[in-house]
Structures are given as structure tokens and as C-alpha cells.
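To keep things clear, I will list the structure first and then write my remarks on it.
The figures that follow rest on heavy atoms only: side chains count, while hydrogens, waters and symmetry mates do not. Quick note on labels: first sequence line is chain A, next is B, and so on, each numbered from 1. Since the structure is predicted, the reported quantities are computational estimates derived from the model, not experimental observations.
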Amino acid sequence: MPVETKTAMSRTDTIATVLLRHYDVHARTLPWRLPPGSSERPNPYRVWLSEIMLQQTTVTAVIPYYEKFTARWPNVKALAEASDADVMAAWAGLGYYARARNLLACARVVAREHGGVFPDSEAALLTLPGVGAYTAAAIAAIAFGRRTVVVDANVERVVSRLFAIETPLPASRPDIRQKADLITPDQRAGDFAQAMMDLGAGTCTVRNPQCLLCPLRGHCEAAQTNRAEDFPVKAPKKDKPHRHGIVWWLERSDGHVWIERRDDKRMLGGMAGLPGTQWDKRGNEAEGAPPMTGDWVALNSPVEHVFTHFRLTLTVERLRAVKEADPEGNGQWWPLARIGKAGLPTLYAKVVKAVMQDRDD
DNA sequence: AACTCGTGGAG
DNA sequence: TCTCCAAGAGT
């Protein structure tokens, strides 16, 4: 390589060339990545698992779950043989629980119909449960060295800035995809995708982007006009409605609590939960009956929670039952001493906390 | 094609 | 406190 190109960018340097050169030095070390400089290909199972967990979820939130899953289920066959309840409980707290249901469904399809080997083409990957356009492209590129166009929210932001795209999202998606295709290299498409995501996570951030430190500043229309933070332009979003519901805390005299398994296809579907009104259906927030008749008493302070598209205020009502009590519903008595192992999603973990605090008062 | 799906961190 | 939003998919 000529000496002058080490410090000055040559005219023929493409965005991909510059970004990959930067990535070779500055790539983040992450549990699902091979050590820097490794020439091997990453394990498809691990790539797939990480990509599913990372959907709409931050790296720091994913890491402990990724470590837990890979230690307990080291390959796709092991995961395919796990029980639904074990996988759902292991996923508890990470959110978007349809991902966990699809994860298990996908593992079983790969184990049964593909002999435990992940398909290596983008089109075949796209047919798997929980694998959409982004994830299929990412796995094909990262695990199998395919040249695919990987577009996630990071790439959308970076590309919107590189080309100063004025059309608001989501209408700009076709244009963004075309531009992403244009700058994707024929070689190392997987590294390029991960480099774009590293850039979006650390430098080309939503707020306060670090354009002065960006390796692509010389290629970026937005940076050169000091307008990075103006992109991507987004359509205005709707405001969140507020819903109210009741949750019933039924505790037996010997220290057991009545826990239900929520139906699939509802919110928090397949997860453990507490009986309550149908707060997840708009307009039906008051519908439902307690698992037993009795003198239910409400806690002084309700539980507040925020979902993607609505806020929820839950009133907690308590009842003490005798040991012979026989509640109605799809549930089981769970020892309060081991409530932390019940696999409750955060909403219900908040209810447990509220009940415990109420006792201390 | 909009809507529906969780959660926690950043600012 | 409040808003925004993150390696999106399914319907």
C-alpha cells in the first residue's frame, strides 16, 4: 500500500473500504463475535440466538441472557429438546415474548426438518419462525459469508445521514435499502453490517452524534452540513392511551401464591402471570372475575407500567385463602419463598414487589 | 399497511 | 419526571 494512503484518504476509497478498515481496529468485543482477526466463521446457532435476542433490545440487556442460554443450551438440538416453560422462564425480563415462542419453534424446525443444521441461504432462513428480513440477511452474511443487504435501525440512521435523505421514515425505507445495497461490498458483507451497527451504536448515535470522530465524515452529506441530528426524518407518532386493570393476589395460609400461565397470542403470552382483568384488550380492562369469591382488599398504591403502545395502572387486590382452597383458572400454587424462580415478566415482578412492600408498612 | 408486541437506559 | 428508542417480526 502506498505510504500516502495511510493518512490521507484516496479518492477511490469507498465507504465500505473506509468502514472495514476502521472496523478491523475498533470492532467491539462481544460474546457472539469471534476474537478480532479470526478467520473462522462464527457458529450459526450462536449468531441466530444473538440476532433474535438483539431485536429491539440493547446489547447490555442481551449479554447476560445470551450467556445463560448458551451455557444451558449449547446447540440447537439441545434447545429444541427444552420445555416451553423452561425457555419462557429463562427469557423472563427480556421482553417481546413472541421471540421466545418463535425461538423454540425455530429450534424445533431446524432440529427436525434440517437435521439440526441451519440453512445457509437468505431465502431459506426467511422461512423460519421469528426470522424476518433483517435477521435472515444478518445470519446469511455473518454466519455464512453471503453478500446480503442488512438493514436495521442503525443502518437506516447511518444511511439517512450519509445521503441526507429528506423523506420521513417509514416512507423512505425503499430508498434507504437501495442506498444500503449501493454501499454494501461484495466481500465481507457480514463484517460490513456489524461495522455499520457498531458505528450506529457508538458514533452515529440518535442524539449527539460524534461526527468529528467518525471515519465516514468525509463521505457524509449530513456531517458536512452540520445537520446529522436532523436525520433520519421521522413521521410523528401517536400518543399512548392509559388503561386500568385489577390483578388478584391470592395467597394461601402456608405461603403459596396462585400463579397462572397466560394464553399464547395474548400480551405476555405463554408467560407466568397473576390472575386479573383483561387489561390487555382495549375496552375490556374491567372484564374478568377473581379466582375465588371473598373479601378482596386493595393495596394502597397501584402498580404502574408502560408498554410500547399504552400505559397501565394495575390495582392489586389481596385475599388470604385456607389451605384447602380450590381457585378457578389455569393456575398453580407457587411457594412464595421461591417466587423469583417463577419466571414472571416485569409487570408481575412489580406486583410482587408492591405486595412485599405493603407488608412491611 | 398500520398495529401490536416489553423493557431499561439515556438525556 | 418524561420522552425517546434499541441488531424487528407477525398479522
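Between Asp84(A) and Arg261(A) there is no salt bridge, since none of the side-chain N atoms of the basic residue sits less than 4.0 Å from a carboxylate O of the acidic one.
At the heavy-atom level, Arg101(A) lies nowhere under 4.0 Å from the strands shown. Residue Pro129(A) is classed as a sugar-phosphate contact, given heavy-atom separations below 4.0 Å to backbone atoms only. No engagement by Ile52(A) is indicated, since no non-hydrogen atom pair under 4.0 Å with the nucleic acid exists. Within the 4.0 angstrom heavy-atom criterion, only backbone atoms of the sugar-phosphate kind lie near Thr135(A); the bases stay farther away. Heavy atoms of Arg173(A) sit nowhere under 4.0 angstrom from any nucleic acid atom. Contacts of Trp32(A) with the nucleic acid, taken as non-hydrogen atoms under 4.0 Å apart, include base atoms. At the heavy-atom level, Arg311(A) lies under 4.0 Å from the strands shown only through sugar-phosphate atoms. Using a 4.0 Å heavy-atom distance criterion, Val306(A) is classed as a base contact. When heavy atoms are screened at a 4.0 angstrom cut-off, Gly93(A) is found touching the sugar-phosphate backbone but no base atom. The residue Lys350(A) sits apart from the nucleic acid: no heavy atom pair falls under 4.0 Å. Within 4.0 Å (heavy atoms only), Ala138(A) reaches no atom of the nucleic acid at all. Within 4.0 Å of Ala133(A), counting heavy atoms only, lie sugar-phosphate atoms of the nucleic acid but no base atom.
The number of heavy-atom neighbours closer than 6.0 Å to CZ of Arg282(A), taken from other residues, nucleotides and ligands shown, is 12 or below.
Looking at heavy atoms from C-beta onward, Phe163(A) lies out of side-chain contact with Asp175(A) at the 4.5 angstrom threshold. For the pair Ile52(A)/Thr135(A), a side-chain contact is recorded, criterion being any heavy-atom separation below 4.5 Å from C-beta on. Side chains of Tyr23(A) and Asp198(A) form a contact here, defined as non-hydrogen atoms less than 4.5 Å apart.
For the residue pair His305(A) and Thr346(A), no side-chain donor N or O sits within less than 3.5 Å of a side-chain acceptor on the partner.
In this structure, Leu30(A) and Val131(A) both approach DNA chain C, and ranking their closest nucleotides by distance from the 5' end singles out Leu30(A). Nearest-nucleotide positions on DNA chain C for Glu51(A) and Gly130(A) put Glu51(A) closer to the 5' end.
For a distance-only test at 3.5 Å, the side chain of Thr346(A) fails to qualify as a donor-acceptor partner of the base of dG6(B). Side-chain to base pairing of Thr57(A) with dG6(B): one donor and one acceptor N or O lie within less than 3.5 Å of each other.
Spacing between atom CZ of Arg243(A) and atom P of dG6(B) amounts to 12 Å, rounded to whole angstrom units. A straight line from CE of Met271(A) to C1' of dG6(B) spans 10 Å, rounded to a whole angstrom. The CZ atom of Arg282(A) sits 16 Å away from the P atom of dA2(B) (whole-angstrom rounding). Distance CG (Leu54(A)) to P (dG6(B)): 18 Å, rounded to an integer number of Å. Summarising the geometry, the separation between CE on Met267(A) and C1' on dT7(B) is reported as 11 Å, rounded to the nearest angstrom. When the C1' atom of dA10(B) is taken as reference, atom CG of Asn208(A) falls 11 Å away, rounded to whole Å. Rounded to whole Å, atom P of dG9(B) lies 17 Å from atom CD of Gln56(A). Rounded to a whole Å, the CG atom of Leu312(A) is 15 Å from the P atom of dT4(B).
In the 5' to 3' direction, nucleotides of DNA chain C lying under 4.0 Å from heavy atoms of chain A begin and end at dT3(C) to dG10(C).
Contact check, Tyr97(A) against dT7(B): a side-chain N or O comes under 4.0 Å of OP1 or OP2.
Rounded to the nearest 0.5 angstrom, Arg99(A) CZ and Leu54(A) CG are separated by 8.5 Å. Atom CD1 of residue Ile259(A) and atom CG of residue Asn330(A) lie 12.0 Å apart, to the nearest 0.5 angstrom.
Of the P atoms belonging to dG8(B) and dA9(C), the separation is 22 Å, rounded to the nearest Å. Nucleotides dA7(C) and dA2(B) are separated by 23 Å at their C1' atoms, to the nearest Å.
Listed nucleotides: dT7(B), dA10(B), dT4(B). Nearest to the side chain of His309(A): dT4(B). Out of dA10(B), dT7(B), dG6(B), the shortest distance to the side chain of His305(A) is found at dT7(B).
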- request: Assess whether salt bridge (Lys or Arg N to Asp or Glu O under 4.0 Å) is satisfied between Lys234(A) and Glu156(A), documenting all intermediate values.
  value: CA-CA 11 Å; Lys234(A) 292 193 175 180; Glu156(A) 286 181 349; over 6 Å; no
